[in-house]
Amino acid sequence: MLRQVDAELAAEVERLNKARADIATILRDGAPADTPAGFESVAPRLSVGGLPAALHDASAARSPGLP
């Protein structure tokens with residue numbers, strides 16, 4: 001019984017460590033929280049609404065009332 005509990009806890013610790021590593025990567029790269037795993041480093045440069053992210057950001061800065 002204890003071996004089973006130990007194995008389940010070890011799996012849970014592994015899952016939590018993976019989640020923490022994913023969160024650290026998202027924070028480090030400044031990616032949106034819903035970025036798929038593996039795309040964190042490029043997510044800030046991807047397009048938004050058909051525009052490259054840099055153009056979208058510049059457009060939003062000039063038009064604060066638009067979504």
Side-chain angles (χ1 to χ4, degrees):
M1 177 77 139
L2 286 177
R3 290 184 196 281
Q4 181 181 353
V5 170
D6 183 56
E8 290 171 3
L9 290 174
E12 181 70 6
V13 167
E14 187 174 327
R15 185 188 70 78
L16 291 171
N17 283 334
K18 170 79 169 90
R20 290 190 73 220
D22 291 347
I23 290 169
T25 301
I26 289 169
L27 292 172
R28 180 194 69 218
D29 294 335
D34 61 348
T35 300
F39 290 89
E40 298 90 355
S41 65
V42 297
R45 298 187 307 265
L46 296 176
S47 67
V48 178
L51 293 174
L55 292 177
H56 183 269
D57 293 344
S59 173
R62 288 191 302 269
S63 307
L66 296 176

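For clarity, every value in this text was computed on a predicted model and none was experimentally measured.
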Backbone of A31 reached by a side-chain donor or acceptor of T35 within 3.5 Å: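 The answer is no, because no donor-acceptor pair under 3.5 Å joins these two groups.
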
For E12, does its backbone N or O pair with a side-chain atom of E14 as donor and acceptor, under 3.5 Å? no

To the closest 0.5 Å, what do you measure between CE (M1) and CG (D6)?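 So the CE of M1 and the CG of D6 are separated by 13.0 Å.
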
Rounded at 0.5 Å granularity, tell me how far OG1 in T25 sits from CZ in R20.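 The distance works out to 12.0 Å.
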
